[in-house]
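For reference, the structure is listed below as structure tokens.
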Amino acid sequence: MIPWTQPQGRAVPRPRTGETPIRHVRVADKLWDQIADIAREQGRSVTAVVLDALRRYVDWYKRQKRQPSD
């Protein structure tokens, strides 16, 4: 028996692993497939590619806010 399921077949939450919490976002299939292709080409997970893109966006956004307006 898998340790995180009950005998009646109802799933129970997995124990905490110290990892980051799971987030849910809606992504169009076409974009998701493109991300998955990139991840596969790079030998990375989709999660790694998405996290990298989010970090880069946050860094870019912070830089934009620091620049004086024209």
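Hydrogens, waters and symmetry mates play no part in the numbers below; they use all other heavy atoms, side chains included.
Ala36 meets the side chain to side chain contact (heavy atoms under 4.5 Å, CB included) test with Arg40, Val46; sequence neighbours excluded. Among residues two or more places apart in sequence or in another chain, the side chain to side chain contact (heavy atoms under 4.5 Å, CB included) test is passed with Leu51 by Thr47, Arg55. With sequence neighbours excluded, no residue forms a salt bridge (Lys or Arg N to Asp or Glu O under 4.0 Å) with Asp33. Taking the salt bridge (Lys or Arg N to Asp or Glu O under 4.0 Å) definition, one finds that Arg44 meets it with nothing, sequence neighbours left out.
Residue pairs meeting the salt bridge (charged side-chain N to carboxylate O under 4.0 Å, His left out) criterion with at least one member in residues 56-65, sequence neighbours excluded: Asp52-Arg56. Screening residues 22-58 for ring pair (Phe, Tyr, Trp, His ring centres under 6.0 Å) gives Tyr57-Trp60 as the qualifying pairs, with residues at least two apart or on separate chains.
Taking hydrophobic clusters as Ile, Leu, Val, Met, Phe, Trp and Tyr residues chained together by side-chain heavy-atom distances below 4.5 Å, Tyr61 does not share a cluster with Leu54. There is a path of hydrophobic side-chain contacts, each under 4.5 Å, that joins Ile38 to Val25.
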